[in-house]
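Below is one structure, written out as structure tokens; comments come after it.
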Number of protein chains: 2
Amino acid sequence: MTEQTAPPTSAGEPTTTRGEQTRLLIRDTAMRLFRERGYAQTTMRAIAQEAGVAVGNAYYYFGSKDHLIQEFYAQSQVEHHAASRPVLDREDAFGARLAGVLHAGIDVLTPSHSFAATFFKTAAEPTSPLSPFSAESSGPREAAIALFGEVLTGSTTKVDAELRPQLPELLWLAYMGVILYWVHDRSPGQTKTRQLIDGVVPLIDRLVALSRLRVLRPVTRQVLDLIRTLRH
Amino acid sequence: MTEQTAPPTSAGEPTTTRGEQTRLLIRDTAMRLFRERGYAQTTMRAIAQEAGVAVGNAYYYFGSKDHLIQEFYAQSQVEHHAASRPVLDREDAFGARLAGVLHAGIDVLTPSHSFAATFFKTAAEPTSPLSPFSAESSGPREAAIALFGEVLTGSTTKVDAELRPQLPELLWLAYMGVILYWVHDRSPGQTKTRQLIDGVVPLIDRLVALSRLRVLRPVTRQVLDLIRTLRH
DNA sequence: ACTCGCACTTGAACATGTTCAAAGACTGTC
DNA sequence: GACAGTCTTTGAACATGTTCAAGTGCGAGT
């Protein structure tokens, strides 16, 4: 169905095959127009015209308008990783690391809030390849989960042995929740989302610490069993 | 922008004003086609043709194709209320009541799983009037929250005084979470969602009970303060 | 130099959600 | 019963995402 002729370059652009430049041109033009006019207001015709190519050409590189969104995700993910580096290198307390990475994620997304919000709906559709849970998104998802794995491995906090392997994914899930809130956040500068992060991180921190207590073991196990059951 | 000439009848259809029958005809035809073919595969032209009216006529009653979804919500909400009645009349333990109402909600939605899933994305868009958080949805939302209020008022369980007023909304939020999981649930008959409900209700139950303990008061308050801050 | 194959490009044609000016139908008024 | 006003209905026209058959041009093989 979708053309997959040109595999996306993983990091920089070292070997530009023939059409690779066109691909990048279209992608960047689209991103610019999305930012300038919003997603819905940016027509494929406008993207093509602005990029100086034919409409069909855009479809040669991107299966649909939605696929341009995926490009945005991928880009954001890489930026998120980069933006998290300083905190991860500096902090060693679990809470500080987690807060840092969550804030970094929102930092990266903030300039796009107005238009990102309008198209995050596409991600909510289960059948869409753009869903963060879909097989097609497994690449970026794994990368994101790995980032939260790093939050954990670099931290000094002790974590319950049974909880530990599940935790990165759970933290990523919490991050998805933060983004869901952020998308709906109408407060100026999305300050509410910042408050959410600052409020919720200590709770998670405390919860993780408590999970090691003998008295709470049954509860911890109960929760973990449930999660294991629920995920595919 | 949108025509609001004919206010929707709240419960039955006692006084059918002139065009009311047409409205119902179009609505029911749309629901049937959604169920038969799915949301995306059902064109406005098909709805109009099948209902025996002109395309523009459908737009006279429903501002957009998406607005037909809202009709579905409203309908489901009423059914959910009705389906919850038996449990609420029978049970008096908090956990049993909550589980009953959650299961009832999924019961009502189950026949529509295949097509409901594909359009729940519209609800995820913050700017959409279809968002469960939007002002336009406040009617159904209030009704739904009231339903969870009833879960609480009819129960024998003691609840922390500070938590009590917030709890119905929190339970509704949890219900939204269950639906989000349900939408993505690919297990046959969505049995995983049932497991989610059965697994999560005891946890909520225990949490609510624990909230009254003096030792946990600070945490309870902290959580409640955060929630108060976060909601508009 | 020629030509063959394939990556790339084109733009008209198509499908479908949405709009709108005009026409039709009903209700109350005189 | 004619008239005015409003509610309802119509269908053609429009906007935009998407498809596709037909080109275009570059590089390899001869």
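Chain letters run A, B, ... following the sequence lines, proteins first, then strands; residues in each count from 1.
- At whole-Å resolution of the value, CD in B/Q49 and P in D/dT9 are 18 Å apart.
- Under the salt bridge (charged side-chain N to carboxylate O under 4.0 Å, His left out) criterion, B/R37 pairs with no residue, sequence neighbours left out.
- Between atom CZ of residue A/F148 and atom CH2 of residue A/W172 there is a gap of 9.5 Å, rounded to the nearest 0.5 Å.
- In terms of phosphate contacts, A/Y60 brings no side-chain nitrogen or oxygen within less than 4.0 Å of OP1 or OP2 of C/dT9.
- Ion pairing of B/R23 with B/E71 is present here, as a side-chain N (NZ or NE/NH1/NH2) and a carboxylate O approach within less than 4.0 Å.
- In this structure, OH of A/Y61 is placed 8 Å from C1' of C/dT9, rounded to the nearest angstrom.
- D/dT10 atom C1' lies 8 Å from atom CG of B/N57, rounded to whole Å.
- Using a cut-off of 4.0 Å between Lys/Arg side-chain N and Asp/Glu carboxylate O, A/E150 and A/R85 are scored as salt-bridged.
- Look at CZ on A/F62: it is 12 Å from P on C/dT9, rounded to the nearest Å.
- Applying the salt bridge (charged side-chain N to carboxylate O under 4.0 Å, His left out) criterion to B/R194, with sequence neighbours excluded, gives B/D107.
- Here the C1' atom of nucleotide C/dT9 and the CG atom of A/L25 are 13 Å apart, to the nearest Å.
- When each of A/T22, A/T29, A/D28 is checked for a side-chain contact (heavy atoms from CB on, under 4.5 Å) with A/I26, only A/T22 meets the rule.
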Which protein N or O atoms sit under 3.5 Å from an N or O of nucleotides 15-18 of chain C?
{"unit_1": "C/dG17", "atom_1": "OP1", "unit_2": "B/K65", "atom_2": "NZ", "d": "3.0"}
{"unit_1": "C/dG17", "atom_1": "OP2", "unit_2": "B/M44", "atom_2": "N", "d": "2.7"}
{"unit_1": "C/dG17", "atom_1": "N7", "unit_2": "B/R45", "atom_2": "NH1", "d": "2.8"}
{"unit_1": "C/dG17", "atom_1": "O6", "unit_2": "B/R45", "atom_2": "NH2", "d": "2.7"}
{"unit_1": "C/dT18", "atom_1": "OP2", "unit_2": "B/Y59", "atom_2": "OH", "d": "2.9"}
{"unit_1": "C/dT18", "atom_1": "OP2", "unit_2": "B/K65", "atom_2": "N", "d": "2.8"}
{"unit_1": "C/dT18", "atom_1": "O5'", "unit_2": "B/Y59", "atom_2": "OH", "d": "3.4"}

